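In this text the structure is predicted, and so the values were computed from the model without any measurement. Heavy-atom basis, side chains included; hydrogens, waters and symmetry copies ignored. Below, chains carry the letters A, B, ... as their sequence lines are ordered, and counting in each starts from 1.
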Amino acid sequence: MFTTTKLFLQVTACGALFALNTYAVGADPVRYGFGEPASAHDLQDFVSSLPDGRDLPSGSGTISRGKQVYDEKCASCHGQKMEGGVGDRLLGGRGTLVNDDPKKAPVKTVESYWPYATTLFDYIKRAMPFYTPGSLTNDEVYSVTGYILSEANILKGDEPITAESLARVAMPNRDGFILDHRPDHFKPADKHPRLR
Amino acid sequence: MSILDPNSDAKNKLKIASLVEAEEAFLAKARTNANSVYFSQHHIEPVKPVKGEPARSVDPLQRPQNRRHFLASVAVLASSSVAGRAIAQTTPSLEGKAPPGAVWRSVPEDATKIPGTAIGEDGGYGTRSQFETEVRWRFGTKTPLSSWSMTPLEHGVGIITPSGLHFERDHGGIATIDPATHKVFVHGMVKQPKKFSMLDVKRFPSISRILFIECSGNGLTEWSKPTLKTVQGTHGLVSTSEWTGVPLSTILNEVGVKSGAKWLLVEGGDAAVMTRSIPIDKAMKDCFLAYGQNGEAIRPEQGYPLRLIAPGYEGNTHIKWVRRIELSDKPFMTREETSKYTDLLPSGKAVQFSLIMDAKSVITRPSGEMTLSGPGFYEITGLAWSGRGRIKRVDVSTDGGRTWKPADLQGPILPICQTRFRFPWVWDGKEAILQSRCVDETGYVQPTLGQLIEVRGLNGPIGSIYHLNAIQSWKVDTEGRVSNVHYY
């Protein structure tokens, strides 16, 4: 009995030490040297975007080219007028977000809700068209992104659509987001609960 | 398909209607299955006409050994060959056709009089009993390639969800990835960008933790009125597994984090190439890349071969099929953290990065659509969990929240893990409203739906959609029938 306990204690102590060595974030953690360096070539096909346009790939598009891409590759699911179908509705809904009516849903779309245009490029590039994701060239994605934004009356003109121009776009709901302020503080529960 | 469809009221109704339909289809089957907790004794089952004979109805009451109540005695079934035979007789639809995850074997009159199945017949990987039928069911989205399925919590015992019943959610189907060629790239604001094979990942010291994962859309149908009928429908987007993997802090230390890095993007290798931004403090504190689930490799639908575990965070952040991690000074503002998974308030402002899942509990038995067999003793049982730590206490009310009594907590009581509670109850045959309310170690008390709506508003039929953690009410009528109600 005694020996078992002692052994157990030793093992636990070792475990604790090991845990400290391995998981400590600050001073001098162990480095194992597993894995290999990733080269620029390894990373070249990955796309992600920051709102200021960093990380977006090179390339450029036009709104008119974007209309072609949309009609050919998106309209079947998102509708001729971007009104939605199998895929989400992409247009409309401005002015519906302030809403206290439990019967009426706010209309959240790229136009009314999305805070950043860069997100639109990023999402189409990675996940659309739904059945053939990743099949569009960067220029096609810039183009169709521009077309959606122009149909939403957010972008105008013939300026080429690029990483820089997307970063400059002021989306209507840019300031519509606040940080998490939970945990919530609740008022006392109703003293006379009833069926509702 | 997004979880909700914010596009139009008509569509919202349509979608919720199809969810109701999916549950109804499941219930229709379950009610006629003597093995189900939803088996209904009052159900009259039409019998297919045999050649030459006119169609007739059979009242299942007449059948031997019908089991219908939620307290149906499994022990009796297991120990009695009579019961075994009865099941074989009363569930003819099962004959020859095993439920998912099981293999059908013929049922002997008396299992003591004939040898059973030889060891090894299963090929070396076991299956569940052919008599166990609970399954996840899926919401009938327009495409099953972006959908979700729910855990049948009412059948669960203990705290671990069987891997095959863990809820699912994906946005582009379940990816099939060969671990032999899979690589994880870590780059961005790091000193040395690196790539790791699965062999590399598994060489690092590992950790295991039993943790719940909950989709923040769990319960979204329940904001404005009780909509789904079963606890699987109202709460089935939460599950618990033991996860094993390598701490992100180990991996990040390996590449060397540059000063100024504040966020990391985690990206999946599925058709949705799913991405979420995670604060680096969280990553360093307790996130890990899991390759193990409940003692074996993580299931494909859970992200095989590698999934991010972000303890206590909403399910969507637990990126599956992880192939890339990029460090940055700012969050990436991906579609899933802007267009979705943000909580729009009546003011028009939306709460963003509401990552932590607040404390929540639910009574799983008895729960919606079950029937109590008559006045007498029942054990009320359920689950409680909090993304902020351990469950400190659970109280149960049988009078709709007027009075509360503490429930027994079954150990282990682990942080960020489901905790099972039990409460002995003698039903007097009168109408009752059953509720559970949990408190976590931070002192947070699970709110009533009224309290929650007070701070969150109700802007549309599904409110702010995400993070509904209110107290659930089950009404027991004088017939013993249990149903989903709003009572607060």
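B:V255 does not touch chain A: none of its heavy atoms, backbone or side chain, sits under 4.5 Å away. For chain A, no part of B:L199 is nearby; none of its heavy atoms comes within less than 4.5 Å. The parts of B:Q352 that come within reach of chain A are both its backbone and its side chain, each placing non-hydrogen atoms under 4.5 angstrom from that chain. Heavy-atom distances place the side chain of A:Y113, and not its backbone, under 4.5 Å from chain B. If you measure heavy-atom distances from B:D286 to chain A, you find no contacts under 4.5 Å at all. For B:Q451, the parts lying near chain A are the backbone and the side chain together; criterion is any non-hydrogen pair under 4.5 Å. At a 4.5 Å heavy-atom cutoff, the contact between A:D101 and chain B is made by backbone atoms alone. Using a 4.5 Å cut-off between heavy atoms, A:L195 touches chain B through backbone and side chain atoms alike. Heavy atoms of B:T442 lying under 4.5 Å from chain A are absent altogether.
Contacts with chain B were tallied for A:V110, A:L50, A:I178, A:L43; A:I178 has the most, counting heavy-atom pairs under 4.5 Å.
Contact check for A:R196 versus B:L449: no side-chain heavy atoms found under the 4.5 Å cut-off. For the pair B:K340 and A:D88, the minimum side-chain heavy-atom distance is below 4.5 Å. Residues B:E254 and A:R31 are in side-chain contact: their nearest non-hydrogen atoms beyond the backbone lie under 4.5 Å apart. For the pair A:T118/B:F332, no side-chain contact is recorded, criterion being any heavy-atom separation below 4.5 Å from C-beta on. Taking 4.5 Å as the limit, every side-chain heavy atom of A:Y123 sits out of range of all side-chain heavy atoms of B:T334.
Between A:P37 and B:Q192 the shortest heavy-atom distance is CB-NE2, 3.3 Å. Nearest heavy-atom pair across B:V351 and A:D180 is CG1-CA, 3.4 Å. For the residue pair B:K195 and A:D42, the shortest heavy atom distance occurs at NZ-OD2, 3.0 Å. The two residues A:N99 and B:G460 make their nearest non-hydrogen contact at ND2-N, 3.9 Å.
Under the 6.0 Å cut-off for aromatic ring centres, B:F185 and A:F46 qualify, their centroids lying closer than that.
Checking A:W114 against B:S339 by side-chain atom types alone, a donor-acceptor pair falls below 3.5 Å.
Salt bridge A:D122/B:R335: absent, no basic N to carboxylate O contact under 4.0 Å.
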